[in-house]
Number of protein chains: 2
Amino acid sequence: MTAKPRPTYSAIAKSAGVSEATVSRVLNGDSRVNPERTAAVLKAVDQLGYRKNRAATALASGRTGLIAVVIDDDLSIFDDPFWGTVTSGISRVLMANHLQTVLMVTAVNNVDGPVAHYLESREVDGAIFFQLHKDAMVRKLAKAGLPIVITGSPHTDADLIFVDTDNFGGGYAATKQLLNRGCKKVAIITGDIETTAGHQRLDGYNQVYRELGRVPAKSLIRHGDYSYESGQVQMRHLLEENPDVDGVFACNDLMALGAIAAIEESGRTVPDDVAVIGFDDSIMSRTSRPQLSTVRQDIAALGEAAAQLMIAQLNGDQVESRIMPVELVLRESA
Amino acid sequence: MTAKPRPTYSAIAKSAGVSEATVSRVLNGDSRVNPERTAAVLKAVDQLGYRKNRAATALASGRTGLIAVVIDDDLSIFDDPFWGTVTSGISRVLMANHLQTVLMVTAVNNVDGPVAHYLESREVDGAIFFQLHKDAMVRKLAKAGLPIVITGSPHTDADLIFVDTDNFGGGYAATKQLLNRGCKKVAIITGDIETTAGHQRLDGYNQVYRELGRVPAKSLIRHGDYSYESGQVQMRHLLEENPDVDGVFACNDLMALGAIAAIEESGRTVPDDVAVIGFDDSIMSRTSRPQLSTVRQDIAALGEAAAQLMIAQLNGDQVESRIMPVELVLRESA
DNA sequence: TATTATTGTGAAATCGGTTTCACGCCTACG
DNA sequence: CGTAGGCGTGAAACCGATTTCACAATAATA
């Protein structure tokens with residue numbers, strides 16, 4: 001009752017009148033096979049509807065055709081469309097290159113945990129990490145020779161390959177815009193300052209002041225954690241300590257919305273009394289009122305770039321980290 | 001210069017003084033192995049830091065340890081945190097069961113495309129599909145014996161295993177609430193009516209009217225497409241044709257926000273003139289003002305349930321589709 | 001007590017590819 | 001003209017597990 005067994009090299013070799021070794025050569029693009037034999041093999045492959053068995057290939061060649069995408073459990077990927085978009089960009093590019101994406105949502109902190117073991121075991125050909133806080137595990141894996149790409153905030157001092165948004169440039173552009181539109185006192189609500197991304201956006205903010213020969217008051221710099229609530233809370237503090245603040249760069253859209261809520265509850269209006277710029281160009285920046293001005297990043301492109309860097313590494317090419325450009329999107333809030 | 005090669009069964013067998021067959025038995029939980037030998041094997045495994053080679057296992061056993069999660073490219077997974085959350089729920093449960101998640105973002109329509117081939121080739125042990133429009137491919141794979149679970153809207157007439165939100169119950173509860181709070185004329189803005197989910201929410205709405213012995217006017221039923229803009233546009237139509245409409249059930253939060261925008265631009269207020277209820281309990285329902293009343297679904301639980309159904313199938317257990325409960329969350333808009 | 005099951009075990013075949021090696025043949029160089 | 005180097009090819013080893021099969025030792029049955 002069981003159907004036709006799938007054809008193997010043996011069947012193709014027989015059908016094409018060549019050895020299995022030659023079948024392998026043809027199917028792996030070894031150029032020095034007689035054209036006639038090549039044709040015969042390809043014809044047999046086609047006729048028999050042959051498909052390689054991935055497990056057998058993996059066992060014999062050591063290449064699994066799988067790339068892991070590791071997402072730290074700590075991150076609330078929940079509620080955050082960002083990572084889904086990045087991941088689908090990665091998946092699309094990998095599939096086009098005959099690689100599959102293995103998604104691992106897990107705690108990354110443990111250098112000796114199951115994930116580390118899994119990756120070390122070479123059950124995948126490479127790994128793409130998202131937004132790390134700690135990099136001990138990644139370093140260890142990289143040292144062990146596993147091709148790695150980091151997406152999101154890279155490490156300050158590492159020679160690891162990464163792809164990231166131009167956080168500095170985004171922070172710079174947002175702050176500059178606020179000053180250009182006439183704001184006199186521009187504050188910042190940072191995201192998680194532990195991450196490089198958070199730091200870089202703040203650096204961009206500071207750079208604008210530096211170029212003007214000014215130094216922002218300490219009280220203008222407040223640290224949030226990327227949540228709506230933290231944006232609201234920090235904005236209240238800001239308004240209390242600096243009633244004359246007239247511009248705010250919030251390091252993501254969610255905090256920007258929280259900040260706007262705080263501004264309006266204080267009786268002020270956006271953008272007339274206080275202008276606000278967010279970061280991400282998330283869907284909420286368009287659905288909120290006033291619509292949010294923000295720093296846009298091409299998120300899918302970020303994922304695609306990560307996948308391309310991975311593929312380049314697998315090919316043994318020389319690879320360099322990439323910073324993806326951002327774009328200021330002006331709507332109503334600034 | 002190359003490091004220690006990874007130990008294999010051969011090394012363990014030697015170290016424990018048993019045959020490789022016995023090592024396999026111990027590591028696969030075959031109970032009829034002498035306890036002493038079992039202990040010796042486990043000790044050797046521990047000492048040598050042994051880990052199974054997945055490719056070899058897959059080749060020999062036919063099980064790859066991989067489950068595909070297939071997301072239709074057509075869906076804008078972009079901007080929609082929903083699927084990311086479902087996926088991470090799936091991944092977490094699968095990992096706990098020593099299975100890995102292979103993510104495929106691709107066009108699903110083609111019965112004979114690369115994805116179909118990939119899945120048919122048994123390069124994965126099973127597949128979880130998201131929100132299908134067409135099910136030809138899925139049927140074919142299921143018939144071929146591949147374990148399958150569908151997440152999101154299931155098929156009307158299929159005996160395929162699925163997990164879905166209680167769309168009917170959600171639509172019913174939302175509509176009922178609007179009437180209970182005193183609305184006289186309750187409209188609905190549906191989502192993509194092609195999907196079962198869209199239909200079921202509408203059915204829930206109709207059921208409430210039916211129980212009251214009434215039939216909603218045709219003009220109270222408008223079809224959107226889950227986008228913010230469509231919510232806004234359909235609401236404008238609604239207000240034009242039914243100026244006295246005082247309640248709206250929008251089939252997702254995004255459309256609900258669009259509807260609120262339309263209501264306010266007409267000079268009416270929410271919820272006093274028109275009450276609004278959305279669906280999803282997305283982050284936006286909390287950040288918008290007025291805060292949105294909505295139908296909450298436990299999205300991560302949806303993914304977890306899907307993974308569990310998959311695992312049950314792999315175990316050969318009898319499996320039944322599941323409908324996950326929803327909960328009405330009342331905030332300010334209704 | 002003789003015979004049949006049952007249990008524990010290892011040798012060897014198997015899964016389906018890849019890769020090394022040796023061989024025969026042909027061209028190029030000194 | 002003789003030898004070195006290349007090319008195309010097939011036989012066979014190999015990747016690292018699982019599983020069948022045969023066999024010995026023990027327990028259960030008649």
Side-chain angles (χ1 to χ4, degrees), chain A residues 2 4-42 44-45 48-66 98 117-118 120-125, chain B residues 2 4-42 44-45 48-66 98 117-118 120-125:
Chain A
T2 45
K4 50 196 170 170
R6 278 175 60 194
T8 67
Y9 268 19
S10 150
I12 298 191
K14 203 174 300 172
S15 162
V18 301
S19 72
E20 298 188 18
T22 295
V23 176
S24 174
R25 292 190 183 104
V26 171
L27 264 41
N28 290 305
D30 189 322
S31 57
R32 32 169 225 226
V33 178
N34 178 308
E36 284 178 35
R37 285 190 160 85
T38 301
V41 169
L42 292 178
V45 164
L48 279 59
Y50 173 78
R51 336 214 77 245
K52 264 194 202 176
N53 177 314
R54 181 83 71 158
T57 305
L59 176 58
S61 72
R63 272 169 275 110
T64 62
L66 302 174
H98 306 288
H117 286 313
Y118 182 80
E120 268 172 345
S121 303
R122 291 314 191 107
E123 296 187 21
V124 293
D125 295 342
Chain B
T2 45
K4 45 189 177 176
R6 279 175 59 196
T8 67
Y9 269 18
S10 150
I12 298 193
K14 203 174 300 172
S15 163
V18 301
S19 72
E20 298 189 21
T22 296
V23 175
S24 175
R25 293 192 182 103
V26 171
L27 264 41
N28 290 304
D30 189 323
S31 57
R32 32 168 224 232
V33 178
N34 178 309
E36 283 179 36
R37 284 190 159 86
T38 300
V41 168
L42 293 178
V45 163
L48 278 60
Y50 172 78
R51 334 217 78 245
K52 264 194 201 175
N53 178 313
R54 180 83 71 161
T57 305
L59 177 58
S61 71
R63 273 167 274 111
T64 62
L66 302 175
H98 306 289
H117 286 312
Y118 181 81
E120 268 172 345
S121 303
R122 292 313 192 109
E123 295 187 22
V124 294
D125 294 342

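A, B, ... follow the sequence lines: proteins, then strands. Residue 1 opens every chain.
- Contact annotation: Asn28(B) reaches the phosphate of dT18(D) (side-chain N/O to OP1 or OP2, under 4.0 Å).
- Taking atom CG of Asp30(B) as the reference point, atom P of dT19(D) lies 10 Å away to the nearest angstrom.
- Computed from coordinates, the Asn34(B) CG to dA25(D) C1' distance equals 13 Å when rounded to whole Å.
- What separates OH of Tyr9(A) from P of dA12(D) is a distance of 19 Å, to the nearest Å.
- A donor-acceptor contact under 3.5 Å is not formed by the side chain of Arg54(A) with the base of dG16(C).
- Nearest-nucleotide assignment on DNA chain C puts the 5′-proximal partner with Pro35(B), out of Pro35(B) and Tyr50(A).
- In this structure, Glu123(A) and Arg54(B) approach most closely via the heavy-atom pair OE1-NE, 3.2 Å.
- Listed in residue order, the members of residues 11-24 of chain A having a heavy atom less than 4.0 Å from DNA chain C are Ala21(A), Ser24(A).
- Here the closest non-hydrogen pair linking Thr64(A) and Arg122(A) is CG2-O, 3.7 Å.
- Ser15(A) is not listed as a side-chain neighbour of Ile12(A), based on a closest heavy-atom distance of 4.5 Å or more.
- No side-chain heavy atom of Lys52(B) sits less than 4.5 Å from a side-chain heavy atom of Thr8(B).
- Here the closest non-hydrogen pair linking Leu48(B) and Pro7(B) is O-CG, 3.5 Å.
- For dG10(C), the base has a donor-acceptor partner in the side chain of Arg25(B) [N/O atoms by modelled type, under 3.5 angstrom].
- Inter-residue side-chain proximity for Leu66(A) and Leu66(B) is flagged as met; some heavy-atom pair is nearer than 4.5 Å.
- Rounded to an integer number of Å, the gap from Asn53(A) CG to dG16(D) P is 17 Å.
- If you measure from atom CG of Leu59(B) to atom P of dC14(D), you get 17 Å, rounded to the nearest angstrom.
- Within the 4.5 Å cutoff, side-chain heavy atoms of Leu27(A) are placed close to those of Val41(A).
- Between the axis at the start and the axis at the end of the helix from dT1(C)-dA30(D) to dG30(C)-dC1(D) there is an angle of 30°, using five pairs per end and rounding to 10 degrees.
- Taking atom CZ on Arg51(B) and atom C1' on dA17(D), their separation rounds to 15 Å, with Å as the unit.
- One interatomic measurement links the two molecules: CD of Glu123(A) to P of dC15(D), which rounds to 18 Å at whole-angstrom precision.
- Here dC15(C) presents its C1' atom at 16 Å from NZ of Lys52(A), a figure rounded to the nearest Å.
- Rounded to the nearest 0.5 angstrom, Leu42(B) CG and Arg37(B) CZ are separated by 14.0 Å.
- Nearest heavy atom pair, residue Ser121(B) against residue Arg51(A), reads OG-CD, 3.5 Å.
- Between Arg37(B) and dT9(C), a side-chain N or O to OP1/OP2 separation shorter than 4.0 Å is present.
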